[in-house]
Amino acid sequence: MATVTHPPAGRLRAWMLEGLSDMGGKDGRDDGQDPPLPPGAPREEGRPWYRVMCLTGVDYFSTLGYQPGIAALAAGLLSPVATIVLVVVTLAGALPVYRRVAEESPHGEGSIAMLERLLTFWKGKLFVLTLLGFAATDFLITITLSAADASTHMVENPHLAGALHDKQLLITMVLIALLGAVFLKGFLEAIGVAVALVGTYLALNLVVVVTGLWHVLTAGHVVTDWSSALTAEHGNVLVMIGVALVVFPKLALGLSGFETGVAVMPHVRGDATDTEERPAGRIRDTKKLLTTAALIMSGFLITTSFLTTLLIPEREFQPGGEANGRALAYLAHAYLGSAFGTLYDVSTILILWFAGASAMAGLLNLMPRYLPRYGMAPHWARAVRPMVIVFTLVAFLVTWVFDASVDAQGGAYATGVLVLISSAAVAVTISARRAGRRASAVAFAVISAVFLYTTVVNVLERPDGVKIGACFIAAIILVSLLSRLSRAFEPRVTHVALDPLAERFVRDTAHRTIRFIANKPGDRGLAEYRDKAEKIRAVNEVPSLEDFVFVEVTVTDPSEFEGALTVRGEVLHGRYRVLTLESSSVSNALAAFLLHVRDTTGRIPHMYFEWTEGNPFANFLRFLLFGRGEVAPVAREVLREAEPDSSRRPRVHVG
């Protein structure tokens, strides 16, 4: 492929567009993908699954900072019962789904990739863009909500309350800016930090839980008062369970972390015998990661919801109350003293802030995995730093819109989480059905129904979540389509490979003027090639002694943007040499092929076209959407964009 010479980049531009290998410590590639390994090659060294679990845990476990308070606001005295429902859905629903996702998508692609394989052409791309919008909602709200809750713990700390009063919005903005600064500096290895933060945070929470349980056991009237109030309010157990099922969607924040757990799969070490085609050890250990994280979180969710409901007055959960957004911190200060409470606040602030780092890493890994492949991202979107600035600015906007309120952002966060989990459940259901596992398909279908119901209820009760998601979806689709339009005239071919017969055709024609005829394949009969050659000779006044090689392009999936180009040669009717290509676009493939011939032979090739009939605007739309349309002018424009030097540009003839 020809390379285009650009002017030297300035120092700032070079720094901004430095390769995005910072995220995973890769080899400096700038395409956002891991370098491909040959078949059977062992994969790179990873980390033990329990250490990688902590990287997931900064997102998943940090929800303990605000989940008990949200549960108390949503369910009141029924908070423990509603939390038990949440745990059942987690262990019997989300966990089996994502264990299956890990098996089906072992390279960190997640459930979106599973659904992408089920849908083709533009409907598949639009569906993926929609899911990316909800994923962006999930991750960005994770950043803003976690920072807001971290600032809440700072503002409500007894030692800081006076100095930081009414400054929560500013503090949240500063925390988000610091997060962005970390990624602008370079984010090479998060697992070590995550292990320390998660280990400390869980240990402190365990102390709070044990202390709280001791107070409950030594003050028996607390349980009695709670059960009496519960019975008086709801009557019997069946009514309690029914109400708990109704309010369960409001507790959906406790399901976060599973998509992140799958996204970090490439960091799991697995076995020495693992290959990229079948990393059995990585899959097994990721299942351990998901299961262990779910069990730990389930235990903490049940105990903390029980303790916060019994030991914290209901009024303190309300906006402005001391337990709003920081229920466990309230218990830490109340029962373990100001010093331990402050230590707990510091640990909570750090893990909530680092949960934003986990979400930012997810965004920076997720978007380049899809958008550049679709041609739906500007070139600079392949680099980390420009995207960090974009995501940080969006996080500022979201924080300002929600006034750094944890409660106000809960609906949007839950919507993103539930849509992703629902899509994963649907994906594994379809996968099991196609694999002929009928019992698994039925079970996953039931789980899908539960999550879809939960998603719908959450959207109806808190429409702000889907509104925010719709804004992200609209923004992603608009930017993606504009980017696709601006990049329409790129060669869009990553590699050109010729089979032996095609190489022979090119080599033979290189001894004289290289002449190709672009031919739209019809019935491929003798008359088709004879008439086309005679017409081209007559219109372009080419001597009869000169011969041609026909080039035919078959459009496969026009929604794909770039890919490798394989050229096959054949001789038809004993005399006509034909090169066949498959690509997402006729014009771009022909231009890329001509550039390849020029570079390999050192000679300027000529290609002959016929004008396309029809309205030029309609033909341009056909090119954008279906890869066909006005072939000759577009091919010439692609060549002009790729090769600024007209003396080295392949020649295009149209008659």
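When a residue number appears, it is its place in the shown sequence, counting from 1.
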Partners passing side-chain hydrogen bond (donor to acceptor under 3.5 Å, both in side chains) against [X] (at least two apart in sequence or in another chain):
X      : value
Thr399 : none
Ser646 : none
Lys535 : Glu610
Ser105 : Glu109

Pairs of donor and acceptor atoms involving the side chains of residues 518-529, under 3.5 Å and at least two apart or interchain, shall be tabulated with distances.
residue : atom : partner : partner atom : Å
Asn519  : OD1  : Lys532  : NZ           : 3.2
Asn519  : ND2  : Glu528  : OE2          : 3.0
Asn519  : ND2  : Glu552  : OE2          : 2.9
Asp523  : OD1  : Gly525  : N            : 3.0
Arg524  : NE   : Tyr529  : OH           : 3.1
Arg524  : NE   : Glu552  : OE1          : 3.3
Arg524  : NH1  : Glu570  : OE2          : 3.3
Arg524  : NH2  : Glu552  : OE1          : 3.1
Arg524  : NH2  : Glu570  : OE2          : 2.9
Glu528  : OE1  : Gly522  : N            : 3.4
Glu528  : OE1  : Asp523  : N            : 3.2
Glu528  : OE1  : Arg524  : N            : 2.7
Glu528  : OE2  : Gly522  : N            : 3.1
Tyr529  : OH   : Glu552  : OE2          : 2.6

Ion pair check, Glu637 and Arg640, cut-off under 4.0 Å: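 The answer is yes: the pair qualifies as a salt bridge.
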Presence of salt bridge, Arg598 and Glu643, under 4.0 angstrom: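 Looking at Arg598 together with Glu643, the answer is yes, because their closest N to O distance falls below 4.0 Å.
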Residues forming a salt bridge (Lys or Arg N to Asp or Glu O under 4.0 Å) with [X], sequence neighbours excluded:
X      : value
Arg577 : Asp547
Glu503 : none
Glu103 : Arg100, Lys287

Does any non-hydrogen side-chain atom of [Y] lie less than 4.5 Å from one of [X]?
X      : Y      : answer
Met607 : Val551 : yes
Tyr608 : Phe516 : no
Ile141 : Val398 : yes
Arg648 : Asp599 : yes
Leu595 : Leu639 : yes

Could you list the residues that satisfy side-chain contact (heavy atoms from CB on, under 4.5 Å) with [X], not counting sequence neighbours?
X      : result
Pro633 : Trp611, Glu630
Ser583 : Val553, Leu565, Ala589
Ala497 : His495

Parallel, tilted or perpendicular: rings of Phe550 and Tyr576 (30°, 60°):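 Tyr576 vs Phe550 ring planes: perpendicular.
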Set of residues satisfying ring pair (Phe, Tyr, Trp, His ring centres under 6.0 Å) with respect to Phe258, sequence neighbours excluded: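 Ring pair (Phe, Tyr, Trp, His ring centres under 6.0 Å) check on Phe258 returns Tyr60, Tyr98.
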